[in-house]
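Encoded as structure tokens, the structure appears first; notes follow it.
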Number of protein chains: 2
Amino acid sequence: MESNNLDVNLANQHDILRSRLNQEGLRLTGPRQKILDLFVMTSEGEHLSAEDIYYQVTTKGEKISYSTIYRALHMMVDLGIMREVELAEGRKYYELRTSLAKQHHHLVCVQCGEVHEFEDHRVTKASQQETLGHGFLLRDCQFTVYGICQTCQLSAI
Amino acid sequence: MESNNLDVNLANQHDILRSRLNQEGLRLTGPRQKILDLFVMTSEGEHLSAEDIYYQVTTKGEKISYSTIYRALHMMVDLGIMREVELAEGRKYYELRTSLAKQHHHLVCVQCGEVHEFEDHRVTKASQQETLGHGFLLRDCQFTVYGICQTCQLSAI
DNA sequence: TTGATTATTGAAAGTTATTTCTAATAGAAA
DNA sequence: TTTCTATTAGAAATAACTTTCAATAATCAA
């Protein structure tokens, strides 16, 4: 669906995003570029919350407001560029969206918050079959496994 | 793990819950009984939020406070009697917990909120394998498929 | 059964992630 | 450029919980 080649350079990413936004009468602004850059530079398996974004931007000496961050995130989710994931309690995390085929899922330690990503074609297939069976149009699916990691098991003597 | 036979009568359910609570130095109080009763009487596939509970209790002319509801829900989740599920945005839903073997998952319409429950042993197996592979102790898993139901597809002409 | 102990309750105040509001700013099309 | 209007920052508002605390009530022991 989306052509999210993470290896094209940032300028290129900006052009792609700009035309995608302009199609919809939206604009590629400075804050939106900064936010996208953070995600492009974030290694796979890492996820950013609004607060993470706020601190990463302001730590560089630049300014941004939370309202801008939230609006940009929602916009990119609506456009299908990003995905909202539920990892820890009480806040939302975001990641760049990849195609359905290489959709990944999350294994989360409920104590320390450690997150592993994994792929499982059975899960992907299950989501497709289930939507088909009920006449639904598939939008997204989230498979999150909660457990306690080895480190936390040991430290809970 | 838990013996949640939904067909035993309420008085029996209360006795079971009471001894379970007393084991931990906790008490079975009026509000807790009312909340449990709502869940026992709720048909499968339905889920209750704190607000749902508040309205169902107060509509009967009885009183309850949100703090009591939230405290009771957390307690029952901690005891493994209930499960917290993420269905719609912005709030949490709760359901009685069944054994891992017959763990079910959710197909949600992102427009109207319609929820279907389904079981899929492949998903259950995937969660077990993934936790095992990383040395995690499995606590729970949530598989939620988001889509648009047939009715909403048609009404979006 | 009765009283002592202490978990639990309701009401109100507090918290926190997110959203809305508004005047000022700045992309993009002409 | 200039015009049009999407977007911004910052502050105020919201919504879903959570905490606090004095009053109440479930349980245990006698």
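Hydrogens, waters and symmetry mates are skipped; everything else that's a heavy atom, side chains included, is used. Labels below follow one simple rule: chain letters A, B, ... track the order of the sequence lines, proteins then strands, and each chain is numbered from 1. What you are looking at is a predicted structure, and each value in this text was computed from that prediction instead of being measured.
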Interatomic distance, [X] [atom1] vs [N] [atom2] [rounded to whole Å]:
| X | N | atom1 | atom2 | result |
| --- | --- | --- | --- | --- |
| Gln23(B) | dA7(C) | CD | P | 17 Å |
| Asp78(A) | dT19(C) | CG | C1' | 14 Å |
| Tyr54(A) | dT18(C) | OH | P | 15 Å |
| Glu84(A) | dT18(C) | CD | C1' | 11 Å |
| Leu73(A) | dT8(D) | CG | P | 11 Å |
| Tyr66(A) | dT7(D) | OH | C1' | 20 Å |
| Met75(B) | dT18(D) | CE | C1' | 17 Å |
| Ile69(B) | dC17(D) | CD1 | P | 11 Å |

5' precedence on DNA chain D between Arg18(B) and Tyr70(B) (nearest-nucleotide basis): Tyr70(B)
5'-most by nearest nucleotide on DNA chain D - Lys92(B) or Thr29(B): Lys92(B)
Mind checking [X] for me? I need base, sugar-phosphate or nothing, with any heavy atom below 4.0 Å counting as a touch.
| X | result |
| --- | --- |
| Ser67(B) | base |
| Gly25(A) | sugar-phosphate |
| Arg27(A) | base |

[N] OP1/OP2 closer than 4.0 Å to side-chain N/O of [X]:
| X | N | result |
| --- | --- | --- |
| His74(A) | dT19(C) | yes |
| Lys63(A) | dT8(D) | no |
| Asn22(B) | dT27(D) | yes |

Polar pair under 3.5 Å, donor/acceptor by atom type, side chain Ser49(A), base dA17(C): no
Arg32(B) (side chain) and dT8(C) (base): donor-acceptor pair under 3.5 Å: no
Aromatic ring pairing Tyr70(A)/His74(A), orientation class (parallel under 30°, perpendicular over 60°, tilted between): tilted
Among dT9(C), dC21(C), dA16(D), the nucleotide that comes nearest once only the side chain of Arg91(B) is considered: dA16(D)
Ring centers of Phe118(A), His134(B) separated by less than 6.0 Å: no
Note: Asp15(B)-Arg18(B) ion pair, threshold 4.0 Å (strictly below): yes
Phe39(A)/Tyr94(A) under ring pair (Phe, Tyr, Trp, His ring centres under 6.0 Å): CA gap, chis, key distance, verdict: CA-CA 9 Å; Phe39(A) 281 96; Tyr94(A) 296 84; 7.2 Å; no
Residue pair Gln142(B) / Glu86(A), side-chain heavy-atom distance below 4.5 Å: no
